[in-house]
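To start, the structure under review is shown below, and the notes come after it.
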Protein chains: 2
Amino acid sequence: MRIEDEIQQKDFKDDHRRMVVNLLFTNNWLNQQFIPFFKQFGLTLQQHNVLSIVRGQQPKPVCFGEVQERMVDRNSNVTRLVDKLIEKGYVTRDICQANRRMIELRLTPKGTELLSQIDEQMPTFFHRFHNLTQEEAVLVSKLLDKLRG
Amino acid sequence: MRIEDEIQQKDFKDDHRRMVVNLLFTNNWLNQQFIPFFKQFGLTLQQHNVLSIVRGQQPKPVCFGEVQERMVDRNSNVTRLVDKLIEKGYVTRDICQANRRMIELRLTPKGTELLSQIDEQMPTFFHRFHNLTQEEAVLVSKLLDKLRG
DNA sequence: GTACATTATTTGTGTATACAAATATTAGTA
DNA sequence: TACTAATATTTGTATACACAAATAATGTAC
């Protein structure tokens with residue numbers, strides 16, 4: 001459905017404005033897809049992002065700063081996200097002995113297990129994004145990279 | 001900058017996953033552009049969206065349901081957004097006499113004035129999105145429309 | 001080794017989001 | 001007219017975001 005019809009706005013000032021509104025709108029649509037998906041597993045999008053980052057560095061532990069740098073949403077508050085993940089038993093937090101300002105984050109077996117469960121569901125979940133061909137998906141990524149400069 | 005470098009993730013499972021992450025990341029980047037821009041005027045992105053919608057229907061008043069349908073971010077709570085706008089004196093809220101469940105929203109002269117001020121700054125602000133040509137901007141919109149189906 | 005800057009994380013605060021439930025008004029129906 | 005359903009908005013609540021300030025540990029210069 002065209003963005004003009006989605007938000008019932010007949011005419012945009014120019015094509016760049018239409019594109020920006022479309023990006024914002026599409027992001028909300030994306031969130032509406034992701035929120036219930038991760039909710040099944042008791043996670044938010046950002047919590048899952050943190051878990052994935054910790055897993056990605058295994059077997060090395062990860063500190064908060066590294067997590068922040070790699071997060072898709074940089075504005076998330078890593079301390080409070082991790083608090084939730086510890087409560088749920090998916091990660092552990094230890095003070096780094098080499099530099100006691102730093103925190104070492106590690107995935108627990110329970111966290112590893114949860115991520116595998118989610119991985120299993122991912123291919124099915126991602127079917128909904130296959131309205132675009134592989135070539136088009138590559139093109140969108142290229143254009144977004146170019147947009148941000 | 002390529003999304004792989006932005007979030008330091010070497011390899012995505014496939015092109016659709018890279019695209020989705022890129023969309024989420026780009027949306028955060030977009031927000032970081034818009035938040036300070038609207039903050040100059042004491043508004044949030046959603047508050048500005050509401051004001052624009054009310055102006056778009058002038059001289060007819062607008063009810064909350066219409067605003068919700070036309071908002072780029074449908075999850076916003078119109079009641080509470082409008083509370084803020086009334087506090088600041090940019091809109092008025094009246095009970096519709098024909099159907100007293102409904103609310104009539106109208107822009108005040110102060111609201112009209114604020115929107116004009118913002119309009120003046122818009123072209124300059126949007127320069128930062130001209131890394132893409134007009135053709136590319138059109139293409140992105142088309143692809144996003146197709147993605148959502 | 002003391003003072004000051006730097007780095008890493010935490011906390012505080014106001015605002016916003018997500019979602020469910022509540023309230024109020026109108027419409028439809030027996 | 002009373003009962004029920006539908007519509008429009010509001011409220012409640014837990015969580016999350018944006019941003020500034022605070023805390024804590026380390027590094028560096030003198």
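Since the structure is predicted, the reported quantities are computational estimates derived from the model, not experimental observations. Quick note on labels: first sequence line is chain A, next is B, and so on, each numbered from 1. Computation of the quantities below employed the complete heavy-atom set of this structure, encompassing side-chain atoms and omitting hydrogens, waters and symmetry-equivalent molecules.
Not a single donor-acceptor contact under 3.5 angstrom links the side-chain atoms of B/Arg101 to the base of D/dT9.
Between A/Thr44 and the phosphate of D/dA16, there is a side-chain N or O to OP1/OP2 separation shorter than 4.0 Å. The side chain of A/Arg80 places no N or O atom within less than 4.0 Å of a non-bridging phosphate oxygen (OP1 or OP2) of C/dT10. Taking only side-chain nitrogens and oxygens, A/Gln47 comes nearer than 4.0 Å to OP1 or OP2 of D/dA16. Contact annotation: B/Gln68 does not reach the phosphate of D/dT9 (side-chain N/O to OP1 or OP2, under 4.0 Å).
B/Leu81 comes within 4.0 angstrom of nothing in the nucleic acid, heavy atoms only. Residue contacts for B/Asn99: at a heavy-atom cut-off of 4.0 Å it reaches the sugar-phosphate backbone alone, with no base atom in range.
When distances run from any side-chain atom of B/Lys39 to the nucleotides C/dT17, C/dT9, D/dC19, the shortest one goes to D/dC19. Picking from D/dC17, D/dT9, C/dT11 the nucleotide with the shortest atom distance to the side chain of A/Thr79 gives C/dT11. Across C/dA18, D/dC19, D/dT10, the shortest atom-to-atom separation from the side chain of B/Asp73 is found for C/dA18. Side chain of A/Ile103, nearest nucleotide from D/dC19, D/dT9, C/dT9: C/dT9. Checked against D/dT10, D/dC19, C/dC19, the side chain of B/Arg93 finds its nearest nucleotide in D/dT10. Of the candidate nucleotides C/dT9, D/dT26, D/dC17, D/dT26 has the atom nearest to the side chain of A/Arg100.
Side chain to side chain, B/Arg128 and B/Gln33 meet the donor-acceptor criterion of an N or O pair below 3.5 Å.
Mapping B/Gln97 and A/Asp83 onto DNA chain C by nearest heavy atom places A/Asp83 at the nucleotide closer to the 5' end. If A/Asn31 and A/Glu104 are placed on DNA chain C by their nearest nucleotide, the residue sitting closer to the 5' end is A/Glu104.
Nearest heavy atoms, B/Arg93 versus B/Phe64: NH1-CZ, 3.8 Å.
Annotation for B/Lys88: atom NZ counts as buried by contact number, over 12 foreign heavy atoms lying within 6.0 Å.
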